[in-house]
Each structure stands twice: as C-alpha cells, then as structure tokens.
S.K.: 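Provided herewith is a single structure, encoded as structure tokens, for subsequent inquiry.
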Amino acid sequence: MHLKNEIAKLLELTLSGMSDLSDAPEIASTHTTVERTRDPRHGDFTTNIAMRLAKSAGRNPREIAQAIIDALPQNELIDKVEIAGPGFINFHVSSIASHREVAGILASGQRYGRQETRATPKILLEFVSANPTGPLHVGHGRHASYGATLGNLLEAAGFKVDREYYVNDAGRQMDILGVSVLLRMLEAGGSTVRFPDAGYKGEYIREIAANITEDISNLDPLELFKGLPTDDKEEIISALIANAERLLGDDSFGKLRRQALESILSDIKDDLAEFGVVFDRWFSEQSLTDDKLIDDALAVLKKRQMLYEKDGATWFRATDFGDEKDRVVVRENGKKTYFASDIAYHYGKRERGYDHLIDILGSDHHGYIARVRAGLEAMGYAGDSLEVELVQFVTLYRAGEKLQMSTRSGEFVTLRQLREDVGNDAARFFYVMRSNDQHLDFDMELAKSRSNDNPVYYIQYAHARVASVFRQLEEKAFTYQQAEGISAFAMLTESHEKALMTSLSRYPEVIELAAVNRAPQHLVHYLRDVANELHSYYNAHQFIVEDDDLRNARLALIDATRIVIANGLGIIGVSAPEAM
RNA sequence: GCGCCCGUAGCUCAACCGGAUAGAGCAUCGGCCUUCUAAGCCGAAUGUUGCAGGUUCGAGUCCUGCCGGGCGCGCCA
C-alpha cells in the first residue's frame, strides 16, 4: 500500500471512531479526499474532509478539523498535522516514512509501483483495430501507444487485462481490396487498366500484387471491364467485384483476397511488434459469422423482443436504451449490417467472461457509442460495462510545415516511416505526452532532435547519468554498499535529497492516478519532474564522496531514482539507456 | 438543424470525485563546465483559464446561454 492510501486509511479509521461525524454520507468517499499538496509549505498530504463535513454536521470546518486532529492516533509516518486556511488538514510526513519508501524501491526493483493483482474486474482492452486494407499510419500510432500504455498502467495498478485487436476482415472492404490487388496484378502483367476511384490506390497494393501466388492468367482484362456503369464510383467498384468473382470463380478470387489480407495483416503485426505493442488476441470479424455468433446475438435480441420488422429490414429498438434512433441489423437484402457484428462482438466479449470492456476509438466514432451500449443493455448487460476512450487526431509537422494526409488517395505517412524517422522511443513518448482528448501536434523535428528541447532524452539522460555515476564509482575504486546506504538515509538532509525522496514515493500514486483516469500523460509529467530533480541534485552535490555513509546513502538514493525512471519509462514503452 | 469533444502564458500543453498564490516545456533575457556526461543546472519575465450569467465557504473544473474550432448524424464499414 502506498503512502497516500496509508494516510487515507488512518483518517478513515479516525473518522469512524468519531460518533458525531461517522454517520455523514461524505465519510464513504473519504479515501479519495486525501491528496498531495501542491505547495510544500502545506506539508505532504492534505484533506478537505472537514469542509465537506461542515454542512451536514452544521459546524464550523476548522472546528471539525481540530476535532479530527485531536482524535488522530500517533503514527510514526506523520510528524505534524495542522489546520490551514478554511479548514484543510495538512499532514507532514516523517523522514522515517520517506526512508522506508526509498528502501522499498530498492527492495522491489522492477516490481516497485505494481500493486497486487486483483481477481475482478477482468478487463478487455480493445485498441487500434485498424482496417486491414493498408499499412498503419500515424493516427494508428497514437492509438497503439495510448492503448499499450494504458494496458501497462492497468496491469501495474493490479487489474487483469487482455489486449485485443478486432480485425475487420469481413465485408465489402475485403472485396475492394481484392479487386484493387487484382487490377495491379493485371497492370504488372502489361495490361492497361483504368483504376477505379473507389479502389485502394496506395503504392503498397502493387507490392502485395507482386507477391500473390494465385494464378490469374486465364482472366481476360477486357471481360473484367465489360458492361461497367460510368457514373457512380461505388457502382463501378461493385460491378468490378461481381465481374472478378464471376470470371475468376468465387474460390480463386477468395484466395486472392485472403492472400492480400494476410499480407497486410502480417505487416501490421510486425509493425506493432517492432513498436513494442503486443496483443493477446487478434479477433476476426469473419469468425463472428463463421461461428454463428451474430445469429446467436440476434436470437437473444429477438427472444427479448428487442427486434421488429419494417420496410423489409430488421430493426433493433435502440431508442429504448437512449440511442437517438432505432438501428437496422438485417438489411432488406438479407445482409447483416456492420452494427450487427459489432453488437455480437461486444456481447461475445462479456460472454467470454470480461467484466469491463474498454474500447479505444477514434473521436470520429463517438456517434457509435450509444448504439453499442444500447445493444449490450438490450442483451442484459450493464451499459456502463462498456467504456469508450476517444482518441483525437494527430497532425504531423515537419520543419514547421503541416503534412497533409489522405488515406483514400494512399498518400500518408505510415507509422513505420515515422518510427524509422524519429525512433520508437520518441514516437511512443510523444504519442502519450498529451491528453488523448486533445488534438496532437506531432513535431517530427523535435522528436528527432538530440537536444535539451526533447523531453524523451531529458528523462532518458537522467537514467543514463545515474548509470554513469556507478561506472565512475568503479573507476575511482570506491564501493557502493546498498544496505549501509539505507541505514544512513538520515544523513540525506539536503533540500534536493528530501525533494527527490518525496517525488520517488509518489510513483505508486501516480501509476494509480494515471490508470484510474486512463491518462498516461500524468506519468509522463511525473517522470519529467523526477528527471528534473535528479539533474538538479546532480548539479548541486557530489555523489561520490569520501565519507562512506554519506556516499552509500546518496548512491542508494540515485539508485532508487534509476529504478523509478526505468519502471516508468517501461510502462510508456520507452527504453531506459545505460549510456547516451 | 441536432448530438459529442475541445477552447488555459507568444507557441505546445498540465492541473488528481470542485480546494489554498492556475503550473511545465519551448521561445526570450542573464548567469554556471581544470571537479561523477553542459543531452545538464541556477535565475528573470509570461495569464480577464473564449464571453456572459448561475450554483458553492470555494469554479479552469459543475449548470445555462452565446462565440470559435474539430467530429458525427447511412438498410457504409
């Protein structure tokens, strides 16, 4: 248990023993009212509980605060408790508490900041889920970084979490992909084709086409283009799909399509793996149909009388659950809508035993949330078991110039290009530096710069600096005795040392805060603070000193700092280099 | 037109169920390397939190209206 929770628990215990206050409804949420102070003059922790209780108790907040302070039992973690301002209760943490915490870092190492895993809720985190019709671009990179980091945060905070990628491998877009590849194959074979506007025009389609093994030699290109409509681009592509299926045969076109899909999917998997983003499961949309899960979900809805027929289609009563209109699940032509697979997919997630579902979606999908939630509710699951985190768009800047991107035309910067350009560390870091509900301006020059402008290097440098000190130690033939250092923590009385110890002890709280708020930027800002304090300390004091106790104590402190930085960077997916 | 998100320093952004004097980085200006990496440190300056009301002991945060920006409103996926 971290320091903040210990203080909160102490406070709760005290309040429950105060007969005149213990009935107040505010008591129930006491644990959340203890927070770190912003100003060190206010001590280390503060609570506003006295002010919150004032109304229902009908008493002056400062008077209540004094009563609480009087009732607080003696505790070695706390040096001093005082009332301030309108009724804040400020706690000054003892040096014993700080020393214990830093010793705990050294003892826990990589595990420091990780809470014990709790059995429930089991969380399913779905993210990226980009259509497998082309390589990932820089927008997906933000989803990947945010999702991976959030997954790490949740795990560190003690939650059981599985990561899943929903592969949209069914439906029309696969047919369009197949036709796009087919046309590029014909082109490569010397035919002249008029490439349709609705096709995937990216250069990568030619590369995929070059690697398709399916034999199309008996396909007559002229036949393929025969009888095409000329006006509507959607109709043109539909006719091309129909012609391709007819001329090649359903089987052959299917194989071509599958090869194209596998090619793109394996590229996406490699890309993400290289980016340090791993999934527990790649869930196929097609499998929902193959395994009859959509039928099952629709049967559940039907049984619950949530469906009705109108205009030849089957509708779901989404308005009964707060959506703005009812939604079609089976079209007039008998085909199920994308929405039908999506509610089946989310229903399946709950059926597979996950208590809480987190979807990370692009902000342009926000209109979709209400209907999926409605689907869950209609099938008997709580709507709030689905949580959606929206990620805003990314704008790339290179040398101050905004890079225009268009997915349709195939002209966009891929995630792979970005990674090669700025490096994985900078990319992972920059992507989670900002709150996910803010548009992100990604400055490629800054991400690349090996200078003090670059926050990634600033933090990594702090880690490398500590490593460097330990290398110097050997060269100078001094030793580092960790246990002696811990015993001598009382010698660390400099302001830099106290500040650093306080910051380090915040780490588990920051992990929890970032996890609960789904806000990795808290961790980023925290790590910058720790790095700053390390650098300041480094400049103000010598670590490798003659005095054995002082040297060991200082080295133990920076050793702990190195651990916290490495753990924090690890959660973001950024390396902690030994030397730079 | 309706719905969701956003609006904080010159720029890019933080700000933990509402809490104390709204904080960082960049850019600007001035200092610090014969001493563990100057990819660093120290200092200076920077605000009508889009506007107007309301709730509250207390509002950047909650409510209402307006202004500006993004996105969404399909028997597409």
Side-chain angles (χ1 to χ4, degrees), chain A residues 4 29 32-33 35-39 41-42 46-48 51-52 54-55 60-61 84-88 90 131 133 168 170-174 176 234 285 310-315 324-325 327-333 335-339 341-342 362-370 390 392-393 397 433-435 437-441 443 446 449-458 460-462 464-473 475-476 478 509-510 512-514 516-517 519 521-522 524-525 528-529 531-532 534-545 555 558 579-580:
Chain A
K4 180 176 165 181
S29 56
T32 60
T33 70
E35 23 179 275
R36 287 277 176 176
T37 57
R38 280 188 202 169
D39 188 332
R41 283 173 302 185
H42 296 139
T46 186
T47 179
N48 60 3
M51 290 178 284
R52 294 171 61 87
K55 201 164 199 176
N60 179 304
F88 292 105
N90 293 339
N131 287 340
T133 55
N168 291 103
R172 179 177 166 81
Q173 60 190 354
M174 285 298 105
I176 297 175
E234 292 299 326
E285 180 191 356
K310 192 181 86 178
D311 304 332
T314 306
W315 296 71
E324 50 191 31
K325 56 174 78 165
R327 306 291 174 177
V328 171
V329 286
V330 183
R331 282 178 253 169
E332 197 175 359
N333 66 11
K335 285 194 173 175
K336 286 148 193 137
T337 59
Y338 179 81
F339 173 58
S341 12
D342 230 31
S363 56
D364 54 335
H365 285 75
H366 65 79
Y368 215 65
I369 302 168
L390 296 175
Q392 293 285 347
F393 295 145
Y397 287 84
M433 201 162 54
R434 305 297 178 216
S435 167
D437 55 18
Q438 292 282 351
H439 287 266
L440 176 67
D441 287 334
D443 183 338
L446 177 61
S449 77
R450 303 188 150 262
S451 75
N452 47 355
D453 304 358
N454 193 328
V456 192
Y457 291 115
Y458 183 86
Q460 288 182 318
Y461 181 42
R465 243 185 174 171
V466 174
S468 171
V469 170
F470 281 98
R471 284 193 296 272
Q472 280 292 320
L473 187 69
E475 281 179 30
K476 294 186 175 178
F478 278 107
E509 298 162 23
V510 171
E512 186 173 285
L513 179 74
V516 168
N517 292 319
Q521 77 272 13
H522 286 303
V524 171
H525 290 286
R528 214 212 158 267
D529 286 346
N532 174 248
L534 187 280
H535 288 311
S536 295
Y537 184 30
Y538 180 95
N539 274 270
H541 301 285
Q542 195 79 15
F543 306 145
I544 302 175
V545 292
L555 291 174
I558 64 169
M580 291 172 71

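Only heavy atoms go into these numbers, but all of them, side chains included; no hydrogens, no water, no symmetry mates. Below, chains carry the letters A, B, ... as their sequence lines are ordered, and counting in each starts from 1.
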S.K.: What's the separation between atom CG in A/D364 and atom NE2 in A/H366, rounded to the nearest 0.5 Å?
M.R.: 8.0 Å

S.K.: Between B/U21, B/C75, B/C36, which nucleotide has the shortest distance from any of its atoms to the side chain of A/V469?
M.R.: B/C36

S.K.: Pairs counted only when both distances fall under 3.5 Å, Watson-Crick or G-U: show me the 5' to 3' dot-bracket for RNA chain B, [ ] for pseudoknotted crossings and | for other-strand partners.
M.R.: (((((((..((((.....[...)))).(((((.......))))).....(((((..]....))))))))))))....

S.K.: With sugar-phosphate meaning primed atoms plus P, OP1 and OP2, does A/N168 contact a base, only sugar-phosphate, or nothing at under 4.0 Å between heavy atoms?
M.R.: nothing

S.K.: Please tell me if A/Y537 has a side-chain N or O lying less than 4.0 Å from either OP1 or OP2 of B/C36.
M.R.: no

S.K.: Listing time: all N or O pairs from protein to nucleotides 12-15 of chain B that are below 3.5 Å?
M.R.:
| unit_1 | atom_1 | unit_2 | atom_2 | d |
| --- | --- | --- | --- | --- |
| B/U12 | O2' | A/R434 | NH2 | 3.0 |
| B/C13 | OP1 | A/H439 | O | 3.0 |
| B/C13 | O2' | A/R434 | NH1 | 2.7 |
| B/A14 | OP1 | A/S435 | N | 2.6 |
| B/A15 | OP1 | A/Q521 | NE2 | 3.4 |
| B/A15 | O2' | A/R38 | NH2 | 3.2 |

S.K.: Kindly point out which of B/G19, B/A77, B/C75 is positioned nearest to the side chain of A/Y338?
M.R.: B/A77

S.K.: The side chain of A/H535 is closest to which nucleotide in this list: B/A38, B/C41, B/C36?
M.R.: B/C41

S.K.: OP1 or OP2 of B/A38 sitting under 4.0 Å from any side-chain N/O of A/Y538?
M.R.: yes

S.K.: Taking the side chain of A/Q472 as heavy atoms from C-beta outward, which of B/C36, B/A39, B/C17 is closest to it?
M.R.: B/C36

S.K.: Under 4.0 Å: is that the gap between some side-chain N or O of A/R331 and OP1 or OP2 of B/C76?
M.R.: yes

S.K.: Looking at B/G74, I'd like to know if its phosphate oxygens (OP1 or OP2) sit under 4.0 Å from a side-chain N or O belonging to A/K325.
M.R.: yes

S.K.: Which nucleotide wins on minimum distance to the side chain of A/R41, given the candidates B/C5, B/C41, B/U21?
M.R.: B/U21

S.K.: Tell me which nucleotide among B/C41, B/A20, B/C75 gets nearest to the side chain of A/W315.
M.R.: B/C75

S.K.: Answer yes or no for this row: A/F88 ring on B/A20 base, centroids under 5.5 Å, planes under 30°.
M.R.: yes

S.K.: Which listed nucleotide (B/G72, B/A38, B/G19) is nearest to the side chain of A/R465?
M.R.: B/A38

S.K.: Counting side-chain heavy atoms from C-beta on, which of B/C75, B/G19, B/C16 comes nearest to A/K4?
M.R.: B/C16

S.K.: So, using side chain to side chain donor-acceptor pair (under 3.5 Å) as the criterion, who are the partners of A/N131 when residues are at least two apart?
M.R.: A/Q173

S.K.: So which nucleotide from B/C75, B/A77, B/C16 ends up closest to the side chain of A/N517?
M.R.: B/C16

